[in-house]
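Inspection log for the structure reproduced underneath, given as structure tokens.
So you know, we letter chains A, B, ... as the sequences are listed, proteins then strands, and number each from 1. As a basis for the values below, the full set of heavy atoms in this structure was taken, side chains included, without hydrogen atoms, waters or symmetry mates.
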Protein chains: 2
Amino acid sequence: MTVTKKRLSERKHQAILDAAAEEFMEFGFQGANMDRVASRAEVSKRTVYNHFASKESLFESITRQIWHQAQTATDVPFQADVAIADQLLNIAERELALLESPHYLRLTAVVLAEFARSQELATQARDWVKQEESGARRWMDQAVAAGRLNTDDAETATTQFFSLIKGRAFWPQMIEHAPIPTAAEQARIAQSSVALFLDHYGLKDDR
Amino acid sequence: MTVTKKRLSERKHQAILDAAAEEFMEFGFQGANMDRVASRAEVSKRTVYNHFASKESLFESITRQIWHQAQTATDVPFQADVAIADQLLNIAERELALLESPHYLRLTAVVLAEFARSQELATQARDWVKQEESGARRWMDQAVAAGRLNTDDAETATTQFFSLIKGRAFWPQMIEHAPIPTAAEQARIAQSSVALFLDHYGLKDDR
DNA sequence: CACAGAGTAAACCGCTCAGTGTAATATAGT
DNA sequence: ACTATATTACACTGAGCGGTTTACTCTGTG
């Protein structure tokens, strides 16, 4: 179990994960072909099955990676001494930054498609979406508690805020394979979402 | 080619379409099984293939039905003499009414999953989404032209309006299989979406 | 060199499934 | 009764694919 030896095996392991991600991105879960995964990874099929018990478990591993990435994206602390608009802008930008990775985007599409297809996974899906917005949700709770937003329903507000962003810079990319917005477009989306949101929820003396 | 003769064949045709819809809803496109479609439709497999050349073409036929349903949902005329808020509320309610049909919902999920999976269908998907919002989009254009909305970007406004609704009453049902909102919840969603939208885009003297 | 753990190639198993061919039967108008 | 068209049962083809087995090789270490 020396260093180099371990590394070889680990490289294979990672190669398989990468190849599988590619494969899932291109063909979805059902369409993915384990022979192709092996050949993509430049590894024998048997090696794939030595590292992962089944297609399912391989998919799970990939899913968990995506999970983690989204989870930490919008997790920012509430700062009482910073303008609400600026903080929301920051959150929006973090969310939008996720789109920059086509890898993330395509894999998320596959995972969501699986969720949409199977009710069994609905519970997982619920966790998933919650995780993704949980950081911002905490922020929103604190903003409401601090009396800096004109509502007592932080959950609705959170959903609405993200809906405004995702409706223009997530779902179109998921479903229509729309091009990823340029930095300028992202800025516009972030700003107009915040503006729309704060015209309703913002306090007059907070700008 | 008499009436009754035609009717028999047409009944089979429709039975196949219905059965296929069921099957696609339950298993998705790839998972759907043509033998099961036939047995669901209480029709021989050969008859299925006499009516539809392939699984794909059967799926296309189903897709087109959904198309049509969504297309006409929010197609309302702009009325210069009615308050903007009331008209928007009407559009929102029409959009929300689509959710009442689990049939529509589940099939849309399957279709969208297929779109998310394949770039080839991206073009079709783009048309699809445009169609769906085109009614409201026309309304929005006219409202802007009539100077009743405080913007000159009807497209963004349309997207934002629908994002607010769908973020709470479409995507959660698609992805997380969230329960369909009750009538009371739907009313709340419609009202708060319109309120949020008009606080930004509405004119002060229009309420 | 010897050894062990990991990797490899390729055949293989079992099963699923889209789609077809066929020959018999049913339907409904004339 | 005759005819044209639909429908049916069912066997079958051919391909794809998840996963396994086997017999062999490679790599790095002690």
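- Relative orientation of the B/Phe24 and B/Phe29 rings is parallel, given thresholds of 30° and 60° on the angle between their planes.
- Atoms NE2 (A/His51) and C1' (D/dG19) sit 16 Å apart, rounded to a whole Å.
- Taking side-chain N and O atoms only, B/Ser44 has no distance below 4.0 Å to OP1 or OP2 of D/dA9.
- For B/Phe52 and B/His13, the ring centers are positioned less than 6.0 Å apart.
- Rounded to a whole Å, the CD atom of B/Glu10 is 15 Å from the C1' atom of D/dT5.
- In this structure, A/Ser9 reaches the C/dG7 phosphate: one of its side-chain N or O atoms is under 4.0 Å from OP1 or OP2.
- Formation of a donor-acceptor pair under 3.5 Å by the B/Lys55 side chain with backbone atoms of B/Gln30 is found in this model.
- Here the closest heavy-atom approach between residue A/Leu99 and residue A/Ala169 is recorded as CD1-O, 2.8 Å.
- Cation-pi geometry between A/Arg36 and A/Phe27 is satisfied (NZ or CZ under 6.0 Å from the ring centre, within 45° of the ring normal).
- Rounded to whole angstrom, the span from the CD1 atom of A/Ile16 across to the C1' atom of C/dA6 amounts to 12 Å.
- Counting non-hydrogen atoms under 4.0 angstrom, B/His13 reaches nothing in the nucleic acid.
- Between B/Trp139 and B/Phe78, the ring planes are perpendicular. Angles over 60° get that label, and only those under 30° would be called parallel.
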| said: Base contacts versus sugar-phosphate-only contacts with protein, heavy atoms under 4.0 Å: please encode nucleotides 14-21 of chain C as B, S and - from 5' to 3'. | reply: ---SBBBB
